[in-house]
Structures are given as structure tokens and as C-alpha cells.
J.: 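Got a structure for you, questions after.
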Amino acid sequence: MRVSTIILMLGLIVLAVSCAQIAPLDGGAKDSYPPVVNQAKVFPPNFSTNFQANGISIEFDDYIKLDQSITISINPGLNSEPKYRVKGKRLFIELNNELEENTTYSINFGDAIQDITEGNVLKNFKYVFSTGTFIDSLEYRGTVYSANSGLPLEGALVGLYSGLSEDQVVNSPPNYIGISNGAGWFNIENIKDGTYHIIALTDENNNYQYDNHSEGIGFLDERIEINKPDSNASMVDLFAFYPTPEVLAVESKNGFKNGAARITFNRPVEVDAFRFLEPDSVQMSIWNDRRDTLFLMSTGKMKSIQLALKQNDGKIDTVRIPFSKKQPKFKLSSIPNQFDYREDLTLSFSNIVADFMSEDIDLVEDSTRLPIQIKIKERAPNQLNISCHLKPNTSYKLKLDSASIIDIAGRSIEETSTSFSTYKEDYFGYLSMNIITNSQSNLFLELLDEKGNSKRISDSFYGAEAISFDDLKPGKYLARLVFDNNYNNVWDTGNYQERIQPERVLQYGKVIEIRSNWNLNEDWEIDKFK
């Protein structure tokens, strides 16, 4: 073969290969459509009756993935969960249970089915079948709220329980399940007519059961009758609450090598529920206002101290607090940059304050040293209150000489200087909330910041009342109204075992914006929310 012929053939081969190469497509619209079920390739067909199959095959128009971290619910519940397997465009469901006769089952996939490329979600796809001759069509709807905030609760598991006592339902999986959405709303479909208990659970560990005190629960006092096809007549509000822990326990403990300790409990501690096993070894002990945090200082060089906690059933638990951590440096930990000139100045320190020398603590305006009064806060021994006649819209300087403040370990603070200022006289705003109601319930009104932290609480009142809050910092606030059934001016949680509902809370429907030197008036008609 001639050399020219060989070269010509090689050139043709290279040209053919280059023409055969496929270049990636540039641009194009992003796929934003969820997978679509190919109904012709669903076996057995959706909404089948006289169902006898052991498995189900569902084909989609796109390659899919199944996110099994998202709850996939089956109603009524089965003894063991179905097995789900994805292959290409197909979803296979293996049923590992004997199905009940004449029963409608529904498998709700929520947001678990997605296309494999963009993750587009096929929302709330359901596969429904019946082992009998018809599909049950009853529904039950409602809304789940956080009892404490009065706001809708997302992701709560709502269960319907048939044929069980009130005590049995919390330890058993529900017959029917619904999940509340972002508006707290749930809808349970394809229910068999009957009488049910209904319970809402936060179900943090996804075991479909109530784990007492570690999970929120909401319930109705009476069973419900589901026998009407019109689900709009079946609306219910459930208020999920976390109960007060039944078992008294230490939530956190910090014991330091110098014998100081800070201990936090999971609930307020009653006087007769606590004692030191070695009381002579305690030099000082102080509770905070809620009696859920204890500050203490031991005598001598002890390695640990023991506490005895008395439970509700009389049982005594012993807790050991080791003094093993390195003591943090004693210093001024916080002081407000600005505050109300009519209030005391509060200084927070990194440890319990044992003593102070007033003559070595200077509060200065310009170059003038001001007379001050100082005291250790009774229920917060790591804080000092400084009282002084201050002026609005004025800058001050605070100087702490070395050794001016001594902590309980005998350590002196290093020389520290800091500055702060007071608000203008017209800095604050005012709110008048006119509560309009025919109710004669005992109520109190609470203001919270946008993070839900309590800022102000009114005195108790009955029925319609105009509630005023003076001297509010400018900013955005939330308001809630509490039906204070036991007249203690505190919101009280519920108890499922004793069938006690939490105190009712109503959330004001909008954010309240307070401005400086401004009086805001708001009307709140609460009867239409009850």
C-alpha cells in the first residue's frame, strides 16, 4: 500500500472520530418540575380495592431518589415498616406484614420523592389501597400549636388511636398518622369510621410513642367520633406542651479546683427535696430566684461534694460534684454599654463576689467622682449593683482598682476601666394594649422580644382591661395573653398522666414596633381567637 493512501485513510479516521464526539450542551433552562407518576405503570394501580399483593411498583417520568430521612407514614400503622427500594425511574415497596381485612391503607411520602438531578420534590404523593371492596374516605383536620407560645407548631406527629385506653395510647403506635405543616395544619385521610383518641407529639426520636418529659404532647380530654364525610366539620386545635420533669436531676455542674461550684437543675428545687450530705463542708450556698441554680463554696481543699435529691416518690438520689475544673480568671465579664439612668448599674463577674472596697471603685462623670452605693445581688452573687444619681444622655467612666473586688476564692480583680452612657430622657416608648373581651377569666399580658425572651409581664386582671407598659426600649415586640387558671402570674404547663391541660396562650397577630418618645395604642379583641 502506498504511503499516500495510508495517510489518506488515517485522516478519514481522525475526521470520523472528531465528528462522533458529543459536546456538552451549554445553557438551557434549569429543570424545575417534580417527577410525575406514570399511572399506566403503577402496579397494583393506585386506589386498588381487594388488594392482595405483597409488593407495589411505581414508575415515574424521571430518575428519582427517595429521602428516607423524611417521614413516610402509612395509615393504619403496620407492625413492621415496608421496605423501599429505588431503581432508575421505579420505586418498589415491599410489604412485610399481613394486612387487615376490609381495611383502607394509605402510604404518604410527604417530600421524600425527588428527581435525581435537581432534587425537585413531588409533594405529598400518596399510594392508597383497600383489602376490602371500597376505599374509606373519612378525614380529620386540625391545627397544632405550641402551648407555651401560642404559635403554630410545624412537624408534629398527630396520631389517631382506636380501641386503647388513655394510658395505653402513649406507649402504642397510632392507627392513623398526620404531620403538621408550617402553619401547624394537619389532615388525616382515608380513615375508617369509629371512635378515637387523638394526640399530637413532637416525637423527637421518631418512635411514634410518647417519651415522657422529653417530648411535647397535646391531647383532647374526650375521644372523638369520626363518622361524617364532611371533614370541614371535623376541626380541632391541639396544644403541645413539655411537662415539668418528674425526676429531679442535675442538668449541668461546674465544680472548680478552688472548691466553688455552680449547679443547674432541670426544674425548680423545693426546699425539702435537697440537702448536702456533708453540710459542714459547705462554706456558702446561694440559690437564684427560680431555685433551679445553686452557687456554693466548700470549706478546705475538698475533691468533691455530695448532694441528696428527694424524688416525688420519696426515693433519694445521690449526686457527686467533683471540684476538678480549672478556675477561670476572675474578671469583669459584662457591663451594659447603655442603660436607663433611673436604674442601678449591674456589673457581672466571672465568679462569686465575696467582698469589695467601695473606696477603690470610681464612677466618674467628666472628671468628677460620684458618690455611689454598692451591694452584692442576693440571688446572683456573681453580680454587683451600683446605685447612683445619674443623668440622662450622659457618658460615664467606671474604674476598678486592683484588689477592689475579691472573689470567693480570695482572688483580686485586676485594674479595669470601662465606659458607658445613659439613654436620652425621651429614648423610651410607651404601649397601651386594650384587651376587649366578654370573658371573666384571670389573665395576664406578657411582652417578649423577637427571640421569645420575656421582657415585661402585667399584673393579673379579669376580663376587659387597658394594660399599659411604660419605658419600653425602641424595637420590635411580641405579645401573648395567658389564661392564668391558678392565679400565680406564671404560665403553667400541663401533665398528660394527670390529664391537666396547659394554660391557654393567645399570641397577638402582629409585631408591635415601639419608637422613642411615642405612645402606641393597640386594640386586641380576644374572643374571636378562643
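We number each residue from 1, following the sequence as shown.
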J.: Measure across Asn227 and Leu138 and return the closest heavy-atom pair with its distance rounded to 0.1 Å.
T.: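 That closest heavy-atom pairing would be CA-CD1, 3.9 Å.
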J.: Applying salt bridge (Lys or Arg N to Asp or Glu O under 4.0 Å), which residue pairs with at least one partner in residues 44-59 are found, sequence neighbours left out?
T.: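 Output for this query lists Lys41-Glu59, Glu59-Arg90.
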J.: Could you tell me whether Lys123 and Asp111 have a side-chain N and a carboxylate O separated by less than 4.0 Å?
T.: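 Answer for the salt bridge query: yes.
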J.: State whether the side chain of Glu498 and the backbone N or O of Asn495 hold a donor-acceptor pair below 3.5 Å, judged by distance alone.
T.: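 Looks like no, no N/O pair under 3.5 Å.
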J.: Are the aromatic rings of Phe274 and Trp287 close, with centres under 6.0 Å apart?
T.: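 Yes, ring centres under 6.0 Å apart.
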J.: side-chain contact (heavy atoms from CB on, under 4.5 Å), that's the test. Do Tyr242 and Asn148 meet it? Break it down for me.
T.: CA-CA 9 Å; Tyr242 287 85; Asn148 180 264; over 6 Å; no
J.: Please name the residue in the list Glu225, Glu222, Arg223 that meets the side chain to side chain donor-acceptor pair (under 3.5 Å) test with Thr195.
T.: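 Between Thr195 and the candidates, side chain to side chain donor-acceptor pair (under 3.5 Å) is satisfied uniquely by Glu225.
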J.: Look only at the side chain of Thr318 and the backbone of Ala308, and say whether a donor-acceptor pair between them is shorter than 3.5 Å.
T.: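 No: the side chain of Thr318 does not pair with the backbone of Ala308.
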J.: Is there a donor-acceptor contact under 3.5 Å from the side chain of Tyr127 to the main chain of Ile93?
T.: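 No, because the side chain of Tyr127 does not come within donor-acceptor range (under 3.5 Å) of the backbone of Ile93.
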J.: Residues in side-chain hydrogen bond (donor to acceptor under 3.5 Å, both in side chains) with Glu166, at least two apart?
T.: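 Expected list: Arg499.
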J.: Evaluate Asp449 against Lys451 for salt bridge (charged side-chain N to carboxylate O under 4.0 Å, His left out), listing each step before the verdict.
T.: CA-CA 5 Å; Asp449 63 20; Lys451 295 181 179 179; over 6 Å; no
J.: Closest heavy-atom contact between Phe265 and Val250?
T.: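 Scanning both residues, the minimum pair turns out to be CE2-CG2, 3.8 Å.
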J.: Please round to the nearest 0.5 Å and tell me the distance separating atom CZ of Arg379 and atom OG1 of Thr293.
T.: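 Taking CZ in Arg379 and OG1 in Thr293, the distance rounds to 12.0 Å.
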J.: With salt bridge (charged side-chain N to carboxylate O under 4.0 Å, His left out) as the criterion, how do Lys83 and Glu81 come out once you've worked through the C-alpha distance, each side chain's angles and the decisive distance to 0.1 Å?
T.: CA-CA 6 Å; Lys83 290 184 178 178; Glu81 289 291 312; over 6 Å; no
J.: Any chance you could lay out the side-chain contact (heavy atoms from CB on, under 4.5 Å) test for Leu472 and Phe428, step after step, and finish with the verdict?
T.: CA-CA 5 Å; Leu472 292 172; Phe428 297 101; 5.8 Å; no
J.: Mind checking the OH-OG spacing from Tyr176 to Ser162? Nearest 0.5 Å is all I need.
T.: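 Going from the OH atom of Tyr176 to the OG atom of Ser162 covers 8.0 Å.
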J.: Evaluate the criterion side chain to side chain donor-acceptor pair (under 3.5 Å) for residue pair Glu522 and Tyr508; output intermediate values, then yes/no.
T.: CA-CA 10 Å; Glu522 294 281 334; Tyr508 191 50; 2.5 Å; yes
J.: Can you establish whether the number of heavy atoms outside Asn453 located under 6.0 Å from its atom CG is more than 12?
T.: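 Above 12, so yes.
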J.: Using a strict 4.0 Å threshold on nitrogen-to-oxygen distance, state whether Arg515 and Glu513 make a salt bridge.
T.: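 Answer for the salt bridge query: no.
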J.: Count the heavy atoms belonging to other residues, nucleotides or ligands that lie under 6.0 Å from CZ of Arg291, then report whether that count exceeds 12.
T.: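 Count over threshold, so yes.
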J.: Just how far is it from atom CG of Leu443 to atom CG of Leu481, taken to the nearest 0.5 Å?
T.: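 Here the interatomic distance stands at 5.0 Å.
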J.: With sequence neighbours left out, what residues match Asp221 under side-chain hydrogen bond (donor to acceptor under 3.5 Å, both in side chains)?
T.: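 In terms of side-chain hydrogen bond (donor to acceptor under 3.5 Å, both in side chains), with neighbours along the sequence ignored, Asp221 is linked to Gln501.
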J.: Kindly indicate whether the side chain of Val505, heavy atoms from C-beta on, has any atom under 4.5 Å from the side chain of Phe241.
T.: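 With C-beta onward as the side chain, the pair stays apart.
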J.: Whether the side chain of Gln306 engages the backbone of Phe276 through a donor-acceptor N/O pair (distance < 3.5 Å, no angle test) should be reported.
T.: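 Such a contact is absent between Gln306 side chain and Phe276 backbone.
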J.: Taking all non-hydrogen atoms of both residues into account, name the closest pair between Ser165 and Gln168 and its distance.
T.: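 Nearest pair, atom of Ser165 first, then Gln168: N-OE1, 2.9 Å.
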J.: Would you mind reporting whether Val128 and Ile135 have side-chain heavy atoms less than 4.5 Å apart?
T.: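 Ile135 reaches Val128 side chain to side chain.
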J.: Holding to side-chain hydrogen bond (donor to acceptor under 3.5 Å, both in side chains), I want the full list of residues that pass it with Asn438, two or more places apart in sequence or in another chain.
T.: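 Not a single residue meets the side-chain hydrogen bond (donor to acceptor under 3.5 Å, both in side chains) criterion with Asn438.
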J.: Using ring centroids (six-membered ring only for Trp), state whether Tyr196 and Tyr161 fall under 6.0 Å.
T.: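 Judged by ring-centre distance (under 6.0 Å), Tyr161 and Tyr196 do not meet the cut-off.
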J.: Any non-hydrogen side-chain atom of Phe239 less than 4.5 Å from a side-chain atom of Leu153?
T.: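 No, every pair of side-chain atoms sits at 4.5 Å or beyond.
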J.: Using a cut-off of 6.0 Å, state whether more than 12 heavy atoms not belonging to Glu270 lie near its atom CD.
T.: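 No, the 6.0 Å shell around CD holds no more than 12 heavy atoms from other groups.
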J.: Between Lys315 and Asp313, does any NZ, NE, NH1 or NH2 come within less than 4.0 Å of an OD or OE carboxylate oxygen?
T.: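 Between Lys315 and Asp313 there is no salt bridge, as every charged N stays at least 4.0 Å from the carboxylate O atoms.
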J.: For the residue pair Phe129 and Phe47, is the inter-centroid distance of their aromatic rings smaller than 6.0 Å?
T.: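 No, ring centres 6.0 Å or more apart.
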J.: Can you tell me if Trp491 uses its side chain to pair, donor with acceptor, with the backbone of Val482 under 3.5 Å?
T.: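 Not at all, since once roles are kept as given, no pair shorter than 3.5 Å links the two residues.
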J.: Kindly say whether Ala249 contributes a backbone atom to a donor-acceptor pair with the side chain of Asn266 at under 3.5 angstrom?
T.: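 Present.
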J.: Walk me through whether Asp136 and Asn190 qualify under side chain to side chain donor-acceptor pair (under 3.5 Å).
T.: CA-CA 5 Å; Asp136 288 318; Asn190 305 113; over 6 Å; no
J.: Working note: Tyr84 + Gln68, criterion side-chain contact (heavy atoms from CB on, under 4.5 Å); need CA distance, chi angles, decisive distance, verdict.
T.: CA-CA 9 Å; Tyr84 303 97; Gln68 295 194 51; 3.9 Å; yes
J.: Taking all atoms of both residues into account, what is the closest heavy-atom pair of Ala479 and Leu445, and its distance?
T.: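 Closest heavy-atom pair between Ala479 and Leu445: CB-CD1, 4.4 Å.
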J.: For Phe92, is the NZ or CZ atom of Arg85 found under 6.0 angstrom from the centre of its six-membered ring and inside 45 degrees of the ring axis?
T.: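 So Arg85 does make the cation-pi contact.
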J.: Please confirm whether the backbone N or O of Leu448 pairs with a side-chain atom of Arg456, one donor and one acceptor, at under 3.5 Å?
T.: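 No: the side chain of Arg456 does not pair with the backbone of Leu448.
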J.: Set out, in order, the CA-CA distance, both residues' side-chain angles and the distance that settles side chain to side chain donor-acceptor pair (under 3.5 Å) for Ser460 and Asn489, then state yes or no.
T.: CA-CA 6 Å; Ser460 294; Asn489 224 49; 2.7 Å; yes
J.: Under the side-chain hydrogen bond (donor to acceptor under 3.5 Å, both in side chains) test, which residues partner Tyr105, sequence neighbours left out?
T.: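 Result, side-chain hydrogen bond (donor to acceptor under 3.5 Å, both in side chains) vs Tyr105: none returned.
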J.: Could you go through residues 60-67 and list every donor-acceptor pair under 3.5 Å that involves a side-chain atom there, pairing it with any protein atom two or more places apart or in another chain?
T.:
from, atom 1, to, atom 2, distance (Å)
Asp61, OD1, Val36, N, 2.8
Asp67, OD1, Ser69, N, 3.0
Asp67, OD1, Ser69, OG, 2.5
Asp67, OD2, Ser69, OG, 3.4

J.: Can Val236 and Phe186 be said to form a side-chain contact (heavy atoms from CB on, under 4.5 Å), step by step?
T.: CA-CA 10 Å; Val236 66; Phe186 69 89; 3.8 Å; yes
J.: Any donor and acceptor pair, going by atom type alone, linking the side chain of Asn96 with main-chain N or O of Pro82 inside 3.5 Å?
T.: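 No, the answer is negative, given that no donor and acceptor are paired below the 3.5 Å cut-off.
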J.: Given 3.5 Å as the limit, does a donor-acceptor pair link the side chain of Thr104 with the main chain of Ser130, or not?
T.: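 Looks like no, no N/O pair under 3.5 Å.
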J.: So, Glu189 and Lys126, do they make that salt bridge, N to O below 4.0 Å?
T.: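 Salt bridge present between Glu189 and Lys126.
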J.: Test Glu139 against Asn187 for side chain to side chain donor-acceptor pair (under 3.5 Å), laying out the working first.
T.: CA-CA 7 Å; Glu139 303 179 38; Asn187 184 27; 3.2 Å; yes
J.: Which value, rounded to the nearest 0.5 Å, describes the distance between Ile457 atom CD1 and Phe444 atom CZ?
T.: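 These two atoms lie 5.5 Å from each other.
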J.: Counting distance only, does the side-chain N/O of Ser48 pair as donor-acceptor with the main-chain N or O of Pro45 below 3.5 Å?
T.: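 Here the side-chain-to-backbone pair exists.
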